[in-house]
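Naming: A, B, ... by sequence-line order, numbering from 1 per chain.
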Amino acid sequence: MEKKVRVRFAPSPTGGLHLGGVRTVLYNYLFARKHGGDFIVRIEDTDQGRYVPGAEEYIFDTLRWCGLEPDESVQHGGAFGPYRQSERKESYRQYAEQLINDGHAYYAFDTPEELEKMRQDHRTNENPSPQYDHTIRMTMRNSLSLTAEETKQLLEAGTRHVIRIKMPVNETIRFTDMIRGEVVFESNTVDDKVLLKADGMPTYHLAVVVDDHLMQISHAFRGEEWLPSAPVHIHLWKYLFGLDQMPQWAHFPLILGPSGKLSKRDGAKYGFPVFAMNWTDPKTGELTEGFKEKGFLPEAFINLLALLGWNDGTEQEIFLKEELIEKFSMDRVHSAGAKFDYEKARWFNHEWIKKSAVGSLESGVRTLLEASGLNNIDSAKLQAGDYIGKGSLYTDS
RNA sequence: GGCCCGUUCGUCUAAGGGCUAGGACACCACCCUUUCACGGUGGUGAUACGGGUUCGAAUCCCGUACGGGCUACCA
């Protein structure tokens, strides 16, 4: 029997959700709906140092606004909880220990200073960023280079340590990406990534594999920036649960700004929103504008996002969510990155505004007019268009 | 530097061996319109380069160039 389709979006709550993130949600959602599967949102909050209050709420508010509600999540419940990785902390260590017992991982006691020194000592023009890999691990302080007795003593003394994967030597690693086809890596070029941090939290690498397994994820979709760490994850699957259990993967093309991967900086610099909704950084008070507050209709927003890297093969550009669900297919997702074009985004919104009934637009327009300082707005006048020119759905100036 | 991914109009893209390389955004011109919108017609504009394979290549292979990503006890 075919495994039930279960996909997940796994954001880390560190700030606003930007275009690329929402598109990843969208493609997950469409895929799940199309195949009668489940869409799960799992909060990846394993870095307590980057915890940002409000970010998690913001993510769910955004999904609600977009109409992309998950079936299972912190807020929606489900049979595979907890859906917040910090609450799953205890379960990760046993998997890391299991890897050590099986000879696929090891304890490493190197301090940050020692790591820095290693990088310093090995840094050359040829090799500007030395890795903690098979060529140097025996020169570091870990359970591979130390005797069993020394390791035991360090552990018993409560020495701060991490657990690293022991990447094999001379292995060719390959997998089939749903978008890119076969991708090949040499294990020698991959470093011994940290799996469990000194604070007992897992890194993304361990957590994503363990949780995808525990939550019975059938297809794992993420951005292209994750492609280089795929060999680590493949090995973890192989060692922990078996390659035949591994979800099918697809790495989405990046959404590019004027110069490289789209960042929230680009928005401020070039004057277009990057986040789905307004986001105010609780620490700095800095506001990053969102599409919602810029006057974008959620239907237009997901429509334009869908077409950024995917099309149905026809010349249709305006799609209802239902049509997207019906027509979406992973093999029509592009492999090349797409540069975000704000003008085209505005056109999508324009088309959706034209399709909308006047009444349905009223409250949004009213909000925008009020935001630009107009009060005592008369509903009849508003619908008659008397306020045109006083403000704009595209409040750019 | 190493590894990985990618490369069709300025931008998003279609065409998965056989066409004058199609559409959309933007831009330009014209038309419609009292204004603002809307709408209509037309136009400029692309297969990175070099080798193969083939009767035939934007499509397949190799190389080069260029672009991007990754290279943290961040995701």
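Contact annotation for A/Arg160: no contact, since no heavy-atom pair falls under 4.0 Å across all strands. The residue A/Thr314 sits apart from the nucleic acid: no heavy atom pair falls under 4.0 Å. Nucleic acid contact class of A/Phe348 (heavy atoms, under 4.0 Å, all strands): none. A/Leu196 comes within 4.0 angstrom of no nucleic acid atom, judged by non-hydrogen atoms across all strands. Note on A/Ser129: a base of the nucleic acid sits closer than 4.0 angstrom, heavy atoms only. Across all strands shown, A/Ala336 has heavy atoms under 4.0 Å from sugar-phosphate atoms exclusively, and none from any base.
The base of B/rA26 has none of its N or O atoms less than 3.5 Å from a complementary donor or acceptor on the side chain of A/Lys344. Between the side chain of A/Arg180 and the base of B/rC5 there is no donor-acceptor pair of N/O atoms closer than 3.5 Å.
One finds the CE atom of A/Met246 at 11.0 Å from the CG atom of A/Leu236 (value rounded to the nearest 0.5 Å).
Nucleotides B/rU13 and B/rU53 are separated by 33 Å at their P atoms, to the nearest Å. Here the separation of B/rC3 from B/rA15, taken at their C1' atoms, is 33 Å to the nearest Å. Spacing between B/rC25 and B/rA14 at atom C1', rounded to whole Å, works out to 15 Å. Separating the P atom of B/rA21 from that of B/rC49 is a span of 16 Å, rounded to the nearest Å. As rounded to the nearest Å, B/rG10 and B/rG45 have P atoms that lie 11 Å from one another.
Between the side chains of A/Arg123 and A/Gln120, at least one donor N or O lies within less than 3.5 Å of an accepting N or O. Between the side chains of A/Gln245 and A/His213, no donor-acceptor pair is found at a separation under 3.5 Å.
You'll find that the side chain of A/Glu224 is closest to B/rG68, out of B/rC38, B/rG68, B/rC73. Comparing atom distances between the A/Glu126 side chain and each of B/rC38, B/rG1, B/rC73 picks out B/rG1 as nearest.
Judged by the 6.0 Å and 45° rule, A/Arg8 forms no cation-pi pair with A/Phe80.
A/Val210 and A/Met201 fall into different hydrophobic clusters, where Ile, Leu, Val, Met, Phe, Trp and Tyr side chains are chained together by heavy-atom contacts under 4.5 Å.
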